[in-house]
Amino acid sequence: ALFRDDGALLASSGEDAAAFGPDRGATLFRERLADGRASGWLWTGGTGERAMVVFSRIEGLPLVVVARLPEAEVFARWKTRTLIGTLVNV
């Protein structure tokens, strides 16, 4: 999703449109950008499922790019490797 740095949603697609509704996205990252950070990440459960949200200010422009990945996808590879490693060691 693409936001102005005042929190206005400019563009989104698919699940992002629901997750980052007009006001939701602004509240997710506005506080973190206010303290001077240019990027960061957080966990959110705004759509009923936890997701990792990553945001980054675009240098020289009043824009913030925001992406999200559901928790299940974030940990899928780790869970698979852990399971395989456990089975190999047994």
Side-chain angles (χ1 to χ4, degrees):
L2 182 65
F3 290 88
R4 281 194 323 237
D5 62 1
D6 65 0
L9 178 62
L10 299 175
S12 65
S13 64
E15 291 180 13
D16 287 347
F20 301 128
D23 298 320
R24 175 91 176 114
T27 59
L28 287 175
F29 62 82
R30 184 180 285 163
E31 293 172 1
R32 289 163 176 84
L33 292 175
D35 71 6
R37 287 187 254 178
S39 64
W41 65 275
L42 56 108
W43 288 101
T44 183
T47 59
E49 70 173 342
R50 284 176 44 95
M52 176 181 266
V53 177
V54 179
F55 57 91
S56 182
R57 184 184 306 270
I58 299 175
E59 188 175 337
L61 297 172
L63 301 174
V64 179
V65 175
V66 182
R68 65 182 293 281
L69 189 63
E71 181 178 39
E73 290 182 45
V74 171
F75 291 114
R77 178 177 262 175
W78 174 82
K79 287 179 181 178
T80 301
R81 286 183 180 178
T82 301
L83 177 61
I84 291 170
T86 300
L87 294 175
V88 168
N89 289 324
V90 169

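The chain is numbered in sequence order, starting from 1.
Judged as a salt bridge (charged side-chain N to carboxylate O under 4.0 Å, His left out), and not counting sequence neighbours, E73 has no contacts.
For the atom pair CD (E71) and CE (M52), the distance works out to 9.5 Å, reported to the nearest 0.5 Å.
Counting only heavy atoms from C-beta outward, the side chains of L2 and I58 approach each other to under 4.5 Å.
Minimum interatomic distance between L10 and R4 (heavy atoms only, all atoms of both residues): CD1-CG, 3.6 Å.
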